[in-house]
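Following: one structure in structure tokens, then a few remarks.
Starting from 1, each residue takes its place in the sequence as its number. Whatever order the structure lists them in is the order used to number ligands and atoms, beginning at 1.
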Amino acid sequence: MSDDFEKKTTQGKIKDFEIKNLTLKAMGGEKQIAKQHELKKLTARERLDLLFDKDTFQEVQLFVQHRSMLFGLDKKEIPSDGVITGFGKINGRIVFAAAQDFTTSGGSLGEMHAKKIWKVMDMAIAAQKPFVALNDSGGARIQEGVPSLEGYGGIFYRNTIGSGYIPQITAIMGPTAGGAVYSPALADWVFMVKGSSYMYITGPDVIKSVIGEEVSHDELGGALAHAAKSGVCHVVTENDADCLEKIKKLLSFLPDSCHSPLPLSDCTDSEERICTELDTIIPDKGNRAYDMKKIIRSIADNGDIFEIQELWAQNIIVAFIRIMGKTAGVIANNPRFAAGILNVDASDKASRFIRFCDAFNIPLLTFTDVPGYMPGTNQEWAGIIRHGAKLLHAYSEATVPKITVITRKAYGGAYIGMCSKQLGADFVMAWPTAEIAVMGAEGACNIIYRNEIANAPDPAAKKAELAAAYEEKFNNPYFAASLGIIEEIIAPRDTRKKIIALLESLKNKKEMRLSKKHNNIPL
Ligand code: HXC
């Protein structure tokens with residue numbers, strides 16, 4: 001210990017500490033901060049200030065420094081090693097977070113940067129609290145080399161260990177390239193900011209040199225590309241503030257961990273509310289679309305829904321709502337897109353959502369209006385068999401309360417896939433407009449009455465007559481109800497009341513599965 005140090009008074013030591021603290025908290029300095037703002041991005045600290053309740057953020061490992069001597073790093077100080085980690089309160093509940101600081105060495109991830117992230121992830125898992133990552137980074141710190149890769153590996157491992165145990169959210173608020181994309185991909189929810197964020201495995205330059213394709217950063221991996229085309233992004237946001245606000249909103253639906261109770265919000269909506277608007281929502285003509293989201297809004301407390309992956313696989317809707325203040329997960333076919341048919345992407349979207357809800361004890365409400373699986377080589381070769389199986393698997397393995405409402409079509413295998421009774425639904429109810437059948441009337445008649453139709457003087461008229469008779473017999477809810485395949489037929493207006501009563505009755509539901517290591521979901 002130097003004489004100088006020994007001579008310092010307590011007050012001097014505290015002053016030193018305060019100066020060091022301020023220096024580290026100044027991040028990459030004014031110039032870099034100004035550059036960040038010019039790009040319409042907030043700094044990591046500004047983001048954390050917006051995310052957490054005022055003055056609740058507790059920083060962890062502010063003084064950590066890199067220890068690399070390579071490529072000039074021995075002479076380079078990187079405040080906080082480019083990532084700010086800690087925990088605080090969001091709407092009064094503890095959440096852990098790591099925010100990469102692009103103003104210091106581009107938020108690049110080296111050994112110690114990664115270890116800071118490991119530390120808060122370990123703390124979040126030990127404390128059984130959600131973890132939020134705010135990503136804004138040039139990727140692996142190139143000067144440090146392989147320790148950076150080790151760093152990513154340790155993050156992926158923790159993402160996986162924490163999966164299904166604590167909710168994990170990643171917001172992409174700047175670049176995320178190469179293998180760095182896999183921590184977000186392993187998290188439960190990926191938020192992206194329009195215009196300032198992008199994610200890809202290989203960037204435009206590599207793509208051009210390897211396969212000659214020209215594409216911009218945004219087109220390739222911007223928020224809209226991942227929200228509408230790849231399905232990687234769950235929530236698109238307008239800017240940093242909007243992104244952080246939406247993360248808070250999502251967290252308000254989620255429990256702290258798989259062992260924690262669901263959050264209970266004050267409910268200002270009525271238990272007795274009758275949804276008369278639902279009595280007129282199904283068009284008289286069976287091939288007309290209607291707005292399934294209106295149904296979900298009618299059922300939800302105060303019409304409030306938080307939709308996930310709104311722009312991708314739009315033929316299915318997945319969303320969180322509250323029923324009498326408690327979270328429920330909704331899965332619904334969307335007749336406005338491809339008649340609500342099931343395809344590869346819709347199966348993936350719904351299955352992942354169902355598994356999240358089941359892992360965190362969130363009851364499942366399914367609204368069925370499905371004409372079948374999408375036919376054609378495109379879907380067969382894309383593996384509709386494999387992907388469609390995920391949906392069957394996800395619903396069957398889920399042990400949370402499962403309630404199904406059939407609003408209109410429930411045909412064939414797709415009917416089974418939308419949480420039918422045999423996949424373990426606790427209660428299946430149908431509106432009087434429901435058509436529960438092995439297939440549509442016309443298709444059925446083409447098979448059953450092929451010769452009769454072909455030999456009729458007017459085949460079209462004969463087919464229409466036979467189809468009407470088939471419809472009368474099977475394309476209604478009464479045949480299924482008579483066999484106990486559905487529990488009840490209800491007036492649409494009573495749906496919310498019925499769901500409230502069912503959720504109340506099922507609140508102590510406990511369902512056991514066979515003792516084994518884990519299921520093998522068809523991936
Ligand atoms: C070290 C980095 C860095 C990196 C950025 N910086 N990325 N330092 N390693 N990966 C530094 C820059 O040198 C610069 O430092 C500061 O961050 C700001 O960067 P700029 O280039 O000035 O910013 P900008 O013009 O906005 O460009 C952003 C960028 C660009 C497009 C992200 O920085 C870039 O292309 N970075 C490299 C991306 C990359 O190839 N990453 C490695 C991928 S491999 P100074 O000191 O000048 O301020 C990888 C493998 C992961 O990530 C595998 C995981 C399994």
Which residue supplies the protein heavy atom nearest to atom 55 (C) of ligand 1, what is that atom called, and how far is it?
-> Gly179 CA, 3.7 Å
Kindly say whether Gly29 contributes a backbone atom to a donor-acceptor pair with the side chain of Gln32 at under 3.5 angstrom?
-> no
Starting from atom 38 (C) of ligand 1, find the nearest protein heavy-atom neighbour and note its residue, name and distance.
-> Gly138 O, 3.2 Å
for atom 50 (C) of ligand 1, nearest protein heavy atom and its distance come out as Ala140 CB, 3.8 Å
Can you tell me the protein heavy atom closest to atom 40 (O) of ligand 1 and the distance?
-> Ile142 CD1, 4.2 Å
Provide the number and element of each atom of ligand 1 under 4.0 Å from a heavy atom of Arg141.
-> 1 (C), 9 (N)
For ligand 1, which atoms sit closer than 4.0 Å to a heavy atom of Leu149?
-> 53 (C)
For atom 17 (O) of ligand 1, which of Gly82, Gly106, Ala177, Gly72 has the closest heavy atom?
-> Gly106
Under 4.0 Å from one or more heavy atoms of Tyr152, ligand 1 contributes atoms 51 (C), 54 (C), 55 (C)
So which heavy atom in the protein is nearest atom 22 (O) of ligand 1, and how far is it from that ligand atom?
-> Lys35 NZ, 3.1 Å
A student checking ligand 1 against Gly139 at a 4.0 Å heavy-atom cut-off should list atoms 10 (N), 52 (O)
Who's the nearest protein heavy-atom neighbour of atom 1 (C) of ligand 1, and how far?
-> Gln143 OE1, 3.1 Å
If you count the non-hydrogen atoms of other residues, nucleotides and ligands that lie under 6.0 Å from CD in Glu150, is the total more than 12?
-> no
Pair Lys41 + Asp240, salt bridge at N-O below 4.0 Å | no
For Lys509, look at atom NZ and say whether over 12 heavy atoms of other residues, nucleotides or ligands are found less than 6.0 Å away.
-> yes
Verify the neighbour count for atom CZ of Phe63: are there more than 12 heavy atoms of other residues, nucleotides or ligands below 6.0 Å?
-> yes
Which heavy atom of the protein is the closest neighbour of atom 6 (N) of ligand 1, given with residue, atom name and distance?
-> Ser105 O, 3.8 Å
Is there a protein heavy atom less than 4.0 Å away from atom 47 (O) of ligand 1?
-> no
Quick one: do Asp358 and Lys402 make a salt bridge, cutoff under 4.0 Å?
-> no
Please could you name the atoms of ligand 1 that Tyr198 approaches to less than 4.0 Å, counting only its heavy atoms?
-> 31 (C)
Provide the number and element of each atom of ligand 1 under 4.0 Å from a heavy atom of Gln32.
-> 48 (O)
Any ion pair linking Lys8 and Asp16 (charged N to carboxylate O, less than 4.0 Å)?
-> yes
Which heavy atom of the protein is the closest neighbour of atom 33 (O) of ligand 1, given with residue, atom name and distance?
-> Phe102 CZ, 4.6 Å
